[in-house]
Amino acid sequence: MTDARFDLTRDGGVVTVELAGRDGKPVMDPEFFTELHDTFVELDQDDEARAIVLRGTRGNFSYGLDIAAVAGMFGHFLSKDDADTRQQVHATVRRWQAAMTAVASCRKPTIAAIEGWCLGGGVDLAAACDIRVASADATFSIKEAKLAIVADLGSLQRLVGVIGDGHLRQLALTGEDITAERAARIGLVNDVYPSSEELMAAAHALASTIARNSALTMRGIKDVLDAERGPRVEAGLRYVAAWNSAFLASDDLLEAMAAMREGREPTFR
């Protein structure tokens with residue numbers, strides 16, 4: 001497997017995928033989603049891979065979408081109000097959703113080892129994994145509400161069965177940051193470890209335990225658990241892609257982007 005940005009290392013049946021975006025930063029640009037999809041499609045077919053650990057780079061899991069890298073795309077969308085442009089946005093959202101779904105549908109058990117910032121798309125990616133563990137310095141946020149965007153890459157669909165409806169609504173509606181301690185309290189992560197080193201050691205130990213089990217049985221467990229969730233998640237993803245294609249372009253989104261550039265709080269009207 002050749003990887004432009006992701007660094008894959010192997011220890012027996014455990015594959016660690018270190019995720020990096022443009023210039024090695026923990027962000028998600030269009031190429032990130034392409035590579036994420038292709039990497040997990042290949043790992044799904046890799047008989048030597050028995051369990052997968054995902055980690056970020058430079059001490060952070062992910063800052064989420066690389067706004068600078070997609071600014072041109074958003075600018076074009078905001079300046080034109082026609083069916084072709086809306087179809088392009090819909091196709092882009094569905095393509096990025098498919099990258100997250102490639103992680104969720106991978107037949108190999110996946111563990112997200114989260115340290116530092118885990119924002120926006122980072123939470124979507126963590127939600128697509130089977131298990132989440134974190135270091136004590138981890139901070140989580142479904143940040144899209146602060147940007148006048150409905151989160152559309154899977155956190156709203158996948159986390160309802162993980163942290164419950166009330167906690168999910170609070171995170172999504174406020175866009176607030178939460179600590180690793182609170183993430184563990186609400187079930188977003190299973191365990192919290194004092195340092196990055198202890199986090200990675202625990203994640204690899206957990207992955208090794210899983211890797212020693214029957215690969216066929218692990219596949220069966222995931223398949224059975226996903227039998228109910230899969231169709232429900234897909235229906236929600238299709239709906240939010242259509243919603244954002246219709247309603248994403250707004251004065252509030254323009255205000256959010258201007259406020260980000262100017263380093264101030266947005267005023268939504």
Side-chain angles (χ1 to χ4, degrees), residues 27-30 32-34 36-37 40 62-67 69-71 73-78 80-106 112 118-129 132 140-176 178 188 226-257 260 266 268:
V27 292
M28 300 175 174
D29 61 358
F32 175 95
F33 290 103
T34 299
L36 182 69
H37 177 273
F40 276 85
S62 180
Y63 295 143
L65 190 63
D66 186 345
I67 299 298
V70 300
M73 179 189 307
F74 280 119
H76 174 69
F77 180 46
L78 290 167
K80 296 188 68 176
D81 184 20
D82 58 67
D84 284 344
T85 301
R86 292 174 187 273
Q87 287 184 80
Q88 291 170 22
V89 171
H90 186 269
T92 298
V93 172
R94 291 294 285 165
R95 188 164 58 249
W96 293 354
Q97 288 176 344
M100 298 295 184
T101 298
V103 178
S105 62
C106 181
C118 180
L119 307 178
V123 177
D124 293 308
L125 179 55
C129 294
R132 288 153 296 280
F140 303 81
S141 175
I142 301 177
K143 187 67 74 178
E144 286 86 347
K146 299 290 189 183
L147 302 175
I149 298 172
V150 178
D152 57 10
L153 298 183
S155 57
L156 300 187
Q157 291 74 29
R158 295 188 171 101
L159 287 183
V160 69
V162 175
I163 65 176
D165 187 75
H167 289 302
L168 177 56
R169 286 175 185 264
Q170 183 173 344
L171 290 179
L173 293 170
T174 64
E176 66 179 1
I178 65 168
L188 180 57
D226 288 341
E228 177 277 330
R229 187 177 77 163
R232 174 179 57 78
V233 168
E234 173 58 19
L237 291 174
R238 289 179 64 87
Y239 184 75
V240 73
W243 172 275
N244 275 350
S245 300
F247 299 114
L248 180 62
S250 68
D251 290 342
D252 282 344
L253 180 59
L254 285 169
E255 166 62 10
M257 297 179 73
M260 184 181 300
F268 295 128

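The chain is numbered in sequence order, starting from 1.
- The side-chain heavy atoms of Leu36 and Met28, taken from C-beta on, include no pair separated by under 4.5 Å.
- For CZ of Arg238, the number of neighbouring non-hydrogen atoms (other residues, nucleotides, ligands) closer than 6.0 Å is 12 at most.
- Of all the heavy atoms in Phe268 and Ala148, the pair that sits closest is CE2-CB, 4.0 Å.
- Counted within 6.0 Å of OH on Tyr239, heavy atoms from surrounding residues, nucleotides or ligands total 12 or fewer; the atom is thus considered open.
- Put simply, NE2 on His167 and CG on Leu171 are 8.5 Å apart, with the number rounded to the nearest 0.5 Å.
- Here the shortest heavy-atom pairing between Leu156 and Ala172 reads CD2-CB, 3.6 Å.
- Considering Asp152, Asp124, Val150 as possible partners of Glu144, the one that fulfils the side-chain contact (heavy atoms from CB on, under 4.5 Å) test is Asp124.
- Taking all atoms of both residues into account, the shortest heavy-atom contact from Ala145 to Leu173 is CB-O, 4.2 Å.
- Counting all heavy atoms, side chain and backbone alike, Leu147 lies closest to Leu253 at O-CD1, 3.4 Å.
- A distance of 9.5 Å separates CZ of Phe33 from CG of Asp66, quoted to the nearest 0.5 Å.
- If you take CD1 on Ile163 and CZ on Phe140, they are separated by 10.5 Å, rounding to the nearest 0.5 Å.
- Note that the CG atom of Leu153 and the CD atom of Gln97 stand 6.0 Å from one another [nearest 0.5 Å].
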Stepwise side chain to side chain donor-acceptor pair (under 3.5 Å) check, Glu234 with Gln157: CA-CA 8 Å; Glu234 173 58 19; Gln157 291 74 29; over 6 Å; no
Chi angles and distances behind the side-chain contact (heavy atoms from CB on, under 4.5 Å) call for Met100, Leu237: CA-CA 11 Å; Met100 298 295 184; Leu237 291 174; over 6 Å; no
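- For the atom pair OG1 of Thr92 and CD of Gln87, the computed distance is 11.5 Å after rounding to the nearest 0.5 Å.
- Ser141 and Val123 make their closest contact through O-CG2, 3.4 Å (heavy atoms, listed as atom of the first residue, atom of the second, distance).
- Contact of the Ile142 side chain with the Leu168 side chain is registered, since non-hydrogen atoms from C-beta on lie closer than 4.5 Å.
- No donor-acceptor pair under 3.5 Å is formed between the side chain of Asp226 and the backbone N or O of Arg229.
- Listed here is the closest heavy atom pair of Pro266 and Ala256: CB-CA, 4.3 Å.
- With Thr101 as reference, Arg158 is the one residue of Arg158, His37, Arg94 to meet the side chain to side chain donor-acceptor pair (under 3.5 Å) rule.
- Arg132 contributes no side-chain N or O that, together with a main-chain N or O of Ala112, makes up a donor-acceptor pair within less than 3.5 Å.
- Expressed to the nearest 0.5 Å, how far CZ of Phe247 lies from CD1 of Ile149 amounts to 15.5 Å.
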